[in-house]
Amino acid sequence: MKLRANVMEQRIFEIEDLKELEEFLQSQSEIEQLRERLFAEFLKYADYKNAGEWNKAVRLCESLAIIGWGNHEPVEALRGQFFNGNPATCFQNKFGETRFVDAIWSKRVNGFTMEQGRTSYCSSPDDPNQKQSVSWKYEIKEDIQDIRLESQRNWIPKNPVWIRRTIDNCYENSKAVIESVDKELKPELDRRMRPEMYGRTINRIIINCSYSYYDHDHCKTNYIIADEKLKLKQKDFYRTLLTMFTRQEIEKNGYYLRNRFEFGPFRADTGKIRIGLCLEKEFSELSHAKQKSKLSEYILLALNHVTNKLKKKKLDYDFDLMLEDFNSILAEWKA
């Protein structure tokens with residue numbers, strides 16, 4: 001039995017194609033036993049020490065995303081980028097909380113190694129040793145490997161509508177509304193949306209909110225929202241703004257012409273689509289109740305536009321149920 005288990009796991013590490021991996025795993029009997037074996041194997045590599053071990057953890061997370069994590073907390077193995085351009089790797093649960101080892105990597109002549117002083121450990125309910133979190137100072141040793149750092153290609157079910165802000169700046173009267181989005185609306189979406197019922201083709205619809213702000217005379221941004229009928233591109237913004245204001249007025253007031261919405265492409269490989277939403281100074285001058293109402297209106301307009309486009313792709317996803325759930329939660333928030 002032990003030999004069979006070892007052969008099974010070796011085969012999983014050998015299969016590169018995600019569809020082939022899915023077919024292989026779904027053809028197995030005794031899925032519950034397989035799940036527990038893979039989870040036990042994952043725990044070995046959740047405390048990864050080099051690129052090879054990280055990549056094995058990625059493959060195990062992909063496998064568990066296919067057959068299910070059972071009673072264990074699902075996590076995704078993600079490769080991103082640190083602010084200096086170096087790779088960053090971590091595991092995150094459906095709420096975006098980091099688990100196990102969170103590493104920044106350094107490029108050497110012969111490959112990549114985890115950085116001492118930039119590697120953390122984040123506690124997890126599934127850690128059998130129940131280690132406490134360690135920020136930045138988690139002990140590692142230089143272990144250079146000339147191996148590409150992989151990132152998980154499928155994803156765990158989670159709230160598909162991700163509302164965030166691009167920068168922290170905003171006018172004072174919008175702070176309470178933005179805080180309410182972060183501390184009231186988003187947790188309710190994470191808790192009450194039913195991603196398991198919608199389908200697997202959509203990972204995240206990311207709505208990036210950009211608020212006008214004035215910090216001081218040399219740090220201000222006031223968005224002027226373009227007439228959507230003009231269908232302006234980025235190269236057109238400043239030239240068009242000059243037809244509305246003088247250069248002196250633009251500089252004095254920190255004016256930037258923007259479309260209300262910017263819609264990015266849908267990427268089937270990541271299941272993500274991004275939406276930009278710009279809000280003018282006048283938005284922040286409304287009462288908190290009207291700001292909530294207006295923000296809700298804009299978010300729904302953006303979501304409906306995106307879902308109508310995605311429906312035309314005939315994706316295996318219940319957009320109507322997703323929107324019904326989202327609308328119900330949003331209505332309670334803005335009430």
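Being a predicted model, the structure only gives us computed values, none of them experimental. Sequential numbering from 1 along the given sequence is applied to the chain's residues.
Donor-acceptor pairing under 3.5 Å is recorded for the side chains of R164 and N208. Counted by atom type alone, Q234 and D236 present zero donor-acceptor pairs between their side chains at under 3.5 Å. Between the side chains of Y138 and D47, at least one donor-acceptor pair of N or O atoms lies under 3.5 Å. The closest side-chain donor-acceptor pair between S212 and E280, if any, does not fall under 3.5 angstrom. Side chains of S210 and T166: a donor-acceptor N/O pair is present below 3.5 angstrom, by distance only. There is a side-chain donor-acceptor pair under 3.5 Å between N159 and D190. Side-chain atoms of N93 and E97 include a donor-acceptor pair closer than 3.5 Å.
The two residues E150 and R79 make their nearest non-hydrogen contact at O-CB, 3.6 Å. Taking each heavy atom of R108 and S106 in turn, the nearest pair found is NH1-CB, 2.9 Å. The minimum heavy-atom distance linking C61 with V75 is given by the pair SG-O, 4.1 Å. The two residues G254 and K220 make their nearest non-hydrogen contact at N-CE, 3.7 Å. Of all heavy-atom pairs between S133 and S123, the closest is OG-N, 3.0 Å. The heavy-atom pair separating I66 from L25 by the smallest distance is CD1-CD1, 4.0 Å.
For Q132, the CD atom counts as loosely surrounded, since its 6.0 Å shell holds 12 or fewer non-hydrogen atoms of other residues, nucleotides or ligands. Counting heavy atoms of neighbouring residues, nucleotides and ligands inside a 6.0 Å radius, atom NE2 of H218 does not exceed 12 of them. More than 12 non-hydrogen atoms from other residues, nucleotides or ligands lie less than 6.0 angstrom from NZ of K107. Around CG of D17, the count of heavy atoms belonging to other residues, nucleotides or ligands within 6.0 Å exceeds 12. Other residues, nucleotides and ligands contribute only 12 or fewer heavy atoms inside 6.0 Å of the CD atom of E139. Heavy-atom neighbours of E228 CD from other residues, nucleotides or ligands within 6.0 Å: at or below the threshold of 12. Crowding of E251 atom CD: a count of heavy atoms from other residues, nucleotides or ligands under 6.0 Å not exceeding 12.
Screening N55, V58, L60 for a side-chain contact (heavy atoms from CB on, under 4.5 Å) involving Y45 leaves a single residue, L60.
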Using residues 324-333 as the side-chain source, report each donor-acceptor pair under 3.5 Å to any protein atom, sequence neighbours left out, with the distance given to one decimal.
residue: D325; atom: OD1; partner: R194; partner atom: NH2; Å: 2.8
residue: D325; atom: OD2; partner: R194; partner atom: NE; Å: 3.0
residue: D325; atom: OD2; partner: R194; partner atom: NH2; Å: 3.4
residue: D325; atom: OD2; partner: Y198; partner atom: OH; Å: 2.5
residue: N327; atom: ND2; partner: L323; partner atom: O; Å: 3.1
residue: E332; atom: OE1; partner: R192; partner atom: NH1; Å: 2.9
residue: E332; atom: OE2; partner: R192; partner atom: NH2; Å: 3.1
residue: W333; atom: NE1; partner: S180; partner atom: OG; Å: 2.8

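Ion pairing between a basic and an acidic side chain is recognised when a charged N comes within 4.0 Å of a carboxylate O; R274 and E262 show no such pairing. Between K158 and E76, at least one side-chain nitrogen of the basic residue sits less than 4.0 Å from a carboxylate oxygen of the acidic one, meeting the salt-bridge criterion. Using a 4.0 Å cut-off between charged side-chain N and carboxylate O, E9 and R59 make no salt bridge. Salt bridge annotation for K19-E23: present, with a cationic side-chain nitrogen under 4.0 angstrom from a carboxylate oxygen.
In this structure, K272 forms no cation-pi arrangement with W155, as its terminal cationic atom is not both closer than 6.0 Å to the ring centre and no more than 45° off the ring axis. Within the cation-pi definition used here (under 6.0 Å to the ring centroid, within 45° of the axis), K131 qualifies as a partner of Y121.
When side chains are defined from C-beta on, N173 counts as touching H288, because their heavy atoms get closer than 4.5 Å. Contact check for K281 versus E285: side-chain heavy atoms found under the 4.5 Å cut-off. In this structure, the side chains of L242 and R247 come closer than 4.5 Å at one or more pairs of heavy atoms. Counting only heavy atoms from C-beta outward, the side chains of K141 and K49 never approach each other to under 4.5 Å.
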Verdict with supporting geometry, L78 and Q92, side chain to side chain contact (heavy atoms under 4.5 Å, CB included)
CA-CA 8 Å; L78 304 174; Q92 287 188 352; 3.8 Å; yes

Could you go through F91 and W54, starting from their C-alpha distance and side-chain angles, then the distance that decides it, and tell me whether this counts as ring pair (Phe, Tyr, Trp, His ring centres under 6.0 Å)?
CA-CA 10 Å; F91 305 100; W54 164 257; 5.2 Å; yes

L64 and R35: side chain to side chain contact (heavy atoms under 4.5 Å, CB included), yes or no, with the steps?
CA-CA 7 Å; L64 287 163; R35 176 184 295 117; 4.1 Å; yes

Please determine whether salt bridge (charged side-chain N to carboxylate O under 4.0 Å, His left out) holds for the pair E41 and K44, giving the CA-CA distance in whole Å, both sets of side-chain angles, and the decisive distance to 0.1 Å.
CA-CA 5 Å; E41 193 76 1; K44 287 165 47 179; 3.3 Å; yes

Verify salt bridge (charged side-chain N to carboxylate O under 4.0 Å, His left out) between E297 and K294, making sure each step is shown before the conclusion.
CA-CA 5 Å; E297 176 189 332; K294 188 60 76 172; 3.5 Å; yes

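Using bins of under 30°, 30° to 60° and over 60° for the plane-to-plane angle, the ring pair F39/H72 lands in the parallel bin. The aromatic rings of Y211 and F283 are tilted relative to each other, their planes meeting at an angle between 30° and 60°. Note: W105 and Y48 have parallel aromatic rings, judged against thresholds of 30 and 60 degrees for the angle between ring planes.
Outside the 6.0 Å centre-distance limit, the rings of Y171 and Y213 are not counted as a close aromatic pair. Aromatic rings from F42 and F100 are positioned such that their centres are separated by under 6.0 Å. A centroid separation of 6.0 Å or more is found between the aromatic rings of F261 and H305.
Rounded to the nearest 0.5 angstrom, L43 CG and L38 CG are separated by 11.5 Å.
Here F82 is tied into one hydrophobic group with F83, I104, W136, each link being a pair of ILVMFWY side chains closer than 4.5 Å.
Note on residues 310-319: pairs passing side-chain hydrogen bond (donor to acceptor under 3.5 Å, both in side chains), not counting sequence neighbours, are K311-D320.
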